[in-house]
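Accompanying notes for the structure given below.
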There are 2 protein chains.
Amino acid sequence: MATIRDVARMAEVSISTVSLALNDPDRVKPETREKVLKIASSIGYSADPIAQTLKSGRSKMIGVVVTDINNPFFGNLLHEIEQQAYKDNYMVLLSDTGGDPARELAIMNHMAGQRVAGILLSTCVQEGQSIEHIRQLKMPCVLFDQQFDSLGRDFVGSDNELAAAMLTRHLLELGHRDICMLGGATGIFTSRMRANGFIDTMRAAGIEVRPDMILDAEYRADRAYDITLKLFAGQRRPTAIVAASNVIALGALQALKDLAIDCPEDVSLVGIDDVPWSGLIVPKITSAVQQIDLLARKASQMLMRRIAEYGKDAAQPETCIFSPKLVMGGSTAKPPSS
Amino acid sequence: MATIRDVARMAEVSISTVSLALNDPDRVKPETREKVLKIASSIGYSADPIAQTLKSGRSKMIGVVVTDINNPFFGNLLHEIEQQAYKDNYMVLLSDTGGDPARELAIMNHMAGQRVAGILLSTCVQEGQSIEHIRQLKMPCVLFDQQFDSLGRDFVGSDNELAAAMLTRHLLELGHRDICMLGGATGIFTSRMRANGFIDTMRAAGIEVRPDMILDAEYRADRAYDITLKLFAGQRRPTAIVAASNVIALGALQALKDLAIDCPEDVSLVGIDDVPWSGLIVPKITSAVQQIDLLARKASQMLMRRIAEYGKDAAQPETCIFSPKLVMGGSTAKPPSS
DNA sequence: ATGTACAGTCGAACCGGTTCGATAAATTAT
DNA sequence: ATAATTTATCGAACCGGTTCGACTGTACAT
């Protein structure tokens, strides 16, 4: 690979002149610039990104940290982020925490070591646990999906309360009263918000939500499956289920299917977020879907802006909330007449 | 961040001694080593990966290049690769070519510039197009999924001919004779192999495959959808379809559904590779699935071995082919009696 | 006592860029 | 003609490590 010294030698100028010609063209004489540029392109010279990173302290990579790449929500998001990054001439350094805060910490240290220009983070840290590694991070960082108040960081996400509220209202309007929610741990931002949306809407309809009506499926399909089985083994069966995520909804649907409980005739089911090929799943699950492309683009943009203005006096942290869309499927009906 | 010079100053030794104490412990006096190590850990020193990369010419990252992160096949693979890499203390630099060879080239140059230790590549380059960027790549590189003969590179993949053959045989045994395949372009390795498996099995059963019985769905769901619509608008309708991938099968199934053609009563459908939640899709598509976890682990292992032995005289390129598994669904039946 | 081997340590060069302050040459002002 | 300013270029320091060859001092063989 050609180095800047090769170019300098061939152009019969010093390496500093070459560097200047390339990075600050106005500071060298036009003829010199021409000569340097011509030679540089003729031997296919381009500056070594590693050397530039060492000198400047930042690379042309952005880090993306998610809890589970396999979740289609993150998959789609990642795709969009990668497209954006490519346009801006950045590469994506990806990592998956698997929901382990210790690993999240390790990953972020790794990324910092690689001098990523910034990080897009969907943290798996729960309320009450330490978030010092985020707070003390000395580089641009935009949180998405999972928020932490009072962290003073940018955030891009969806209106999770609204998502749950829309779905709950839909069920209430159909006449359901006995509704269960399958959610995540309350330590997780999105599950807390989604639970709130559920509780508030129920309460507004004059129905008090008992704690045992909100079950923790940990955002996992297998847990949702088990819980649903158990739920319908008991005496008091709900007539409808609000699933706090796409995979929870699918796990629940699988359980209903295996129990030969008809959805929507016997039990209605709604969920949050889409899955690929949802049109082929019978019944198609009525859901409040996040606008992933908007979300990804906005998060990328915000990060890029932070990267650009890094070092200057930073703007106030910004929060951007998108509204989910209600997509009707065939998974809801009036409750069976009792 | 603490540098090696800080440690040297505090330990009252030269920086070279610090470096030796850390990297080649036997070459310094035990007491010196102790002192250096103690001070290093007390001020939280760890070597700057960027500086190490600049000096050594290789980083602790591996590049992974796929054609479409959104495809669950790659999603699963990626997850597994990332887990493996993490264990070996490597990070994953990810990119998505979107099926564009020019972009693949650009991405690989980018990765080479980042001094990745090696690359896992599922190339989108087709037979007959230039693969010089792979051939001339001067770093460890393991191809997966998409093979190129005579490239002299390691390869990990599945037995694509077998996959298609198993499915075709299954349909033949049910009594189908008029079978269509929805595949990819023949320039792509996997589609060529899968078509071969189909053709050979049909021929062995005494059925000649006319060219119009293999259609190019470009491994895209929307193309598969359109083609299926068109196919069943015509006079001669096949009684069964072999889809060369998961997304093709889903596109085809959606089309059948929209045409109110019953699967499997009117038309049988089989495909290659799984999709998440396939159990919820009605009918569940009978498919030959690749063992993604094995594939990912093997590819990672091979790459790590190449990385370890890099510089020494390299072992012969290795090829590793896994057998797909036939997973029965409910998407096939005897052909309707004509 | 002299020569040899070796363990332990160090300075300096190097990886490949960027950037600051100095210098020399060309231009303008006095 | 001389001083002040501007323009173009360059050398050297720096980013933070690794590594080679040289140097010193001790232990052993002759």
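Each chain gets a letter, A, B and so on, in the order the sequences are listed, and its residues count up from 1.
Residues A:Tyr86 and B:Ala106 share a closest heavy-atom pair of OH-CB, 3.7 Å.
In this structure, B:Arg5 places its CZ atom 11 Å from C1' of D:dT18, rounding to the nearest Å. Atom CG in B:Asp26 sits about 13 Å away from atom C1' in C:dG8, given to the nearest Å. Between the NZ atom of A:Lys29 and the P atom of C:dT27 there is a distance of 10 Å, given to the nearest Å. With rounding to whole Å, A:Asp48 atom CG is found 9 Å from C:dC15 atom C1'. Rounded to whole Å, atom C1' of D:dG11 lies 9 Å from atom CD1 of A:Ile15. For the pair B:Arg58 CZ and D:dG17 P, the computed distance is 20 Å after rounding to whole Å. When the C1' atom of C:dC14 is taken as reference, atom CE of A:Met1 falls 19 Å away, rounded to whole Å. Atom CD in A:Gln114 sits about 14 Å away from atom P in D:dG17, given to the nearest Å.
At a cut-off of 3.5 Å, with distance as the only test, a side-chain donor of B:Thr123 or B:Glu104 sits close to an acceptor on the other residue. There is no side-chain donor-acceptor pair under 3.5 Å between A:Ser19 and A:Ser16.
For the OP1/OP2 pair of D:dG17 and a distance below 4.0 Å, the side-chain nitrogens and oxygens of B:Tyr45 include at least one atom meeting the criterion. Put simply, A:Thr32 has a side-chain N or O that comes within less than 4.0 Å of OP1 or OP2 on D:dT9. Side-chain nitrogen and oxygen atoms of B:Thr17 include at least one within less than 4.0 Å of the OP1 or OP2 phosphate oxygen of C:dC10.
Taking only side-chain atoms of A:Ile4, from C-beta outward, the nucleotide of D:dT19, D:dG17, C:dG17 with the closest atom is C:dG17. Among the nucleotides D:dG17, D:dT9, C:dT9, the one closest to any side-chain atom of B:Leu20 is C:dT9. Here C:dG17 is the nucleotide among C:dG17, C:dT9, D:dT18 with the atom lying nearest to any side-chain atom of A:Gln52.
Contact of B:Ser19 with D:dG17 (side chain to base): no donor-acceptor pair of N or O atoms is detected under 3.5 Å. Below the 3.5 angstrom threshold, one finds no donor paired with an acceptor across the side chain of B:Thr3 and the base of D:dG16.
Each of A:Asn23 and A:Arg27 was assigned the nucleotide of DNA chain C with the nearest heavy atom; the assignment lying further toward the 5' end belongs to A:Asn23.
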**Q.** Residues A:Tyr219, A:Thr67; criterion side-chain hydrogen bond (donor to acceptor under 3.5 Å, both in side chains); working and verdict
**A.** CA-CA 11 Å; A:Tyr219 282 136; A:Thr67 48; over 6 Å; no

Q) Going through the distances and angles, do B:Ser95 and A:Glu82 end up as a side-chain hydrogen bond (donor to acceptor under 3.5 Å, both in side chains)? A) CA-CA 7 Å; B:Ser95 259; A:Glu82 215 258 332; 2.9 Å; yes

